[in-house]
Amino acid sequence: MKQYLSDLFIKTAEKLTYLKDIDYVFSVPNQKSHGDYSINAAMILSKKLKRNPREIANEIIENLECDKSVIEKIEIAGPGFINFYFSPNYIPSIIKEILTKKENFGRSQKYYGKKAMVEFISANPTGPLTVGHGRNAVVGDTVANLLEWIGYEVDREYYFNNAGRQMRVLGDSVRLRYLEQLENKIDFPEDYYQGEYIKEIANKLIAEHGDKLIKDDAEGIFKQTAEKEIFADIIKTMNEIGIKMKNFYNEHTLYEDGRITWLLEEFKKKNLSYEKENAIWLKLTELGNEQDKVIVKQTGEPTYRLPDIAYHITKFERGYDLMIDLFGSDHNAAYPDVLAGLRALGYDSDKVNVLIHQFVTIMQKGEVVKMSTRKANYITLDELVDEVGADVVRYFFNMRSISSHLNFDLELAKKQSDENPVFYLQYAHARIASILRMVKEQGLDPSLEHLELLTKQVEQDLLKKFFEFPNEVLLSAENYEVHRIAIYLEELASLFHRFYTECRIIGSEKNLAEARIALCIAAQTTLRNGLSILGVSAPDRM
RNA sequence: GCCCCGGUAGCUCAGUGGAUAGAGCAGCGGUUUCCUAAACCGUUGGUCGGAGGUUCAACUCCUCUCCGGGGCACCA
């Protein structure tokens, strides 16, 4: 419907040239009495043309060449809205489109031929993924899905660092636990990794090597084993919630390739860096940021900024048209430095889109659980998935705007009842599957021959909702707003339940019954497609 | 001191500068001899944190301010 109107206005703009280059908006009015679609063009033009908006609206309507069989009525309302009422005979045509496109209904080719990379999770292998990482993981994967739905070829990538201080501390934490298990007296520093998993890794080393490692240092087998075990655990968790990375990018590669040295030289050559207090600084103030930052420490080790910039350069070299970085809000001060560095080297930093999601607050028995990886006071993503299931985890993390804090109530999520919106959606899908099984036994088949019989209000409301889906996918993808899909699906499911409460199939006149079966299939397809974007399963039975 | 995010119904949250601000849950009252009641219907509930400003029109944009969260590393 929107597409039809939008084409209509583009055509009309050839006659009424003032319709060109203005940002009019088509919207579905809040109230049914305001039609199916509404446009605000006349009000926007009012100031520009210094004319009465209702007068302009009239002129626009006179010049619209619309098909009577598609648009039944056009009205001017309020301060100058133009309201369109679509013909009840046109509206069911969407069913044909859905039944033809099936699992592709909602996809578009708008960005066909473009390549995108979504970098997410990117947690260093110092411990299991926590609930905090869960939001990043789920949203990142869903954003990648959305981009695929609008035509992008998408790569998912995980960037990690297995060198540096944190990893040394990790290795030493394992070493100390190893010694402790062998009944040596140790002093375990407070800022070391406190988690149980460290002891498990130490035990594993004892099982394999006995006490032969007593003289080994932290950096060797202790660190290596820790990294290997932890990564295996992370990947297992990712698999459980359906995430498959295309690539794991090790920061260390950037050193081996000589990219770090090269980058340092580039900054020096371009006079963008300087030495002070035995460290090398990047002139970020000259690039428009607040303060200069260190890129090489006194120790000679680069800070994260240098490899981060080098890493993004590899993304540019790999030919991505769009690069998404997804971080938690604790990183929100880091990315402007990286982008400024890229700009200074001539890269188009507009192609890099940094998404920041706010924190997850876990509520347990009415209390906020404070979490810290190092203190081991956290709930792992694995535990969460075990308790509530992958579908609930995926849905909960997807259902809120990423800029809002997410309140994850463990008791509620565990409840597997109607308080959980994910069950509402899955039930709608399962209910349709059940209906379809039933009507088949009755010898009824879907038919597109008499869709014009779908004239009841609830039927028309559901049909109109189908029209919105492709546009909803497009808007969600272009704005990286995963929660819009969840909201849309809840509205869609609600409309289906209302339809089915009022309209029965078995017992209705045959042509009507078969048209309604087609309507059910269309609803099921749309629900399933939406759920697949979110990575939530669509069960046939519950 | 500075930067980012939030503040909307009892709770959790939606809300492209548009018409009378919505949903879910909770509360209250109903609906099933009938293809899934994990459903549906009705109803209660609002100073959109506050103050200015821009606009034909502000929950939405701008300024100031209060409250909460996250940052401002030679950690990532």
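Every chain is numbered from 1 and lettered A, B, ... according to where its sequence line falls, protein lines coming before strand lines. All values below come from the heavy atoms of this structure, side chains included, with hydrogens, waters and symmetry mates left out.
- For B/A76, there is no paired base (Watson-Crick or G-U wobble, both distances below 3.5 Å).
- In the interface, the side chain of A/Gln291 is not paired with the base of B/C72 through any donor and acceptor atom under 3.5 Å apart.
- Under the Watson-Crick or G-U wobble criterion, with both distances below 3.5 Å, B/C2 is paired with B/G71.
- Using a 4.0 Å heavy-atom distance criterion, A/Asp292 is classed as making no nucleic acid contact.
- Within 4.0 Å (heavy atoms only), A/Ser46 reaches no atom of the nucleic acid at all.
- If you take CZ of A/Arg400 and C1' of B/U8, they are 14 Å apart, rounded to a whole angstrom.
- Taking the P atom of each, B/A57 and B/U20 are spaced 14 Å apart, rounded to whole Å.
- If you measure from atom NE2 of A/His357 to atom P of B/C4, you get 19 Å, rounded to the nearest angstrom.
- At whole-Å resolution of the value, CZ in A/Arg431 and P in B/A39 are 9 Å apart.
- In this structure, A/Tyr37 has its ring center no closer than 6.0 Å to that of A/Phe81.
- Checking the phosphate oxygens (OP1, OP2) of B/A14, a side-chain nitrogen or oxygen of A/Ser404 falls inside 4.0 Å.
- Residue A/Lys297 places no side-chain N or O under 4.0 Å from the OP1 or OP2 atom of B/A73.
- Searching all strands for a Watson-Crick or G-U wobble partner of B/G10 with both distances below 3.5 Å returns B/C25.
- Between A/Lys510 and A/Glu514, at least one side-chain N (NZ, or NE/NH1/NH2) sits under 4.0 Å from a carboxylate O, which counts as a salt bridge.
- As rounded to the nearest Å, B/C11 and B/G27 have P atoms that lie 15 Å from one another.
- Contact detail for A/Asp172 and A/Ala218: the closest heavy-atom pair is OD1-CB, 3.3 Å.
- Nearest nucleotide to the side chain of A/Val294, out of B/C2, B/C74, B/C13: B/C74.
- For the pair A/Lys73 and A/Tyr85, the cation-pi test (distance below 6.0 Å, angle within 45°) is passed.
- Heavy atoms of other residues, nucleotides or ligands lying less than 6.0 angstrom from CG of A/Asn479 number more than 12.
- Across the C1' atoms, B/U16 and B/A37 are found 38 Å apart, a figure rounded to whole Å.
- Here A/Ala430 lies in heavy-atom contact (under 4.0 Å) with a base.
- Rounded to whole Å, atom P of B/C56 lies 11 Å from atom NZ of A/Lys50.
- Spacing of C1' atoms, B/G1 relative to B/U8, comes out at 31 Å, to the nearest Å.
- With RNA chain B read from its 5' end, the first of the two nearest nucleotides for A/His483 and A/Thr501 is the one closest to A/His483.
- Taking atom C1' on both nucleotides, B/G22 is separated from B/G15 by 7 Å, rounded to a whole Å.
- Here the straight-line distance linking atom CD1 of A/Ile435 with atom SG of A/Cys520 works out to 5.0 Å at 0.5 Å rounding.
- Residue A/Arg498 places no side-chain N or O under 4.0 Å from the OP1 or OP2 atom of B/A39.
- Heavy atoms of A/Glu277 sit under 4.0 angstrom from at least one base atom.
- Using Watson-Crick or G-U wobble geometry with both donor-acceptor distances under 3.5 Å, B/U31 finds its partner in B/A39.
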Review point. Which is it for A/Asn247 and A/Glu157 under the side-chain hydrogen bond (donor to acceptor under 3.5 Å, both in side chains) test, yes or no, and what are the steps along the way?
Key: CA-CA 5 Å; A/Asn247 193 25; A/Glu157 190 158 291; 2.9 Å; yes
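- A gap of 15 Å separates the P atoms of B/C61 and B/A19, to the nearest Å.
- Across all strands shown, B/U20 forms no Watson-Crick or G-U wobble pair with both key distances under 3.5 Å.
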Study note, to complete from the structure: Nucleotide by nucleotide, nucleotides 16-23 of chain B touches protein heavy atoms under 4.0 Å in the pattern (B base, S sugar-phosphate only, - none) B-BBB---
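- Atom-to-atom, NE2 of A/His331 to C1' of B/C5 comes out at 16 Å; the value is rounded to the nearest Å.
- Of all heavy-atom pairs spanning A/Tyr274 and A/Asp292, the tightest one is OH-OD2, 2.7 Å.
- Distance noted for atom P between B/G49 and B/U55: 23 Å (whole Å).
- Mapping A/Val439 and A/His497 onto RNA chain B by nearest heavy atom places A/Val439 at the nucleotide closer to the 5' end.
- Distance, A/Phe396 CZ to B/C25 P: 13 Å, rounded to whole Å.
- Within 4.0 Å (heavy atoms only), A/Asp330 reaches at least one base atom of the nucleic acid.
- Aromatic rings from A/Phe160 and A/Tyr249 are positioned such that their centres are separated by 6.0 Å or more.
- Residue A/Met542 contributes atom CE, which lies 13 Å from atom P of B/A37 at whole-angstrom precision.
- Here, B/G30 and B/A21 have their P atoms 30 Å apart, quoted to the whole Å.
- The two atoms that bring A/Thr526 and A/Leu489 nearest to each other are O-CD2, 4.2 Å, heavy atoms only.
- A salt bridge links A/Lys315 and A/Asp325; the closest N-O separation between the charged side-chain nitrogens and carboxylate oxygens is under 4.0 Å.
- Taking atom CG of A/Asp308 as the reference point, atom P of B/C75 lies 14 Å away to the nearest angstrom.
- Backbone-only engagement by A/Tyr424 is indicated by non-hydrogen atom pairs under 4.0 Å involving sugar-phosphate atoms exclusively.
- One finds a salt bridge joining A/Lys110 and A/Glu478 here, because a Lys/Arg side-chain nitrogen approaches an Asp/Glu carboxylate oxygen to under 4.0 Å.
- Sorted by residue number, the members of residues 502-509 of chain A with any non-hydrogen atom under 4.0 Å from RNA chain B read A/Cys503, A/Arg504, A/Ile505, A/Ile506.
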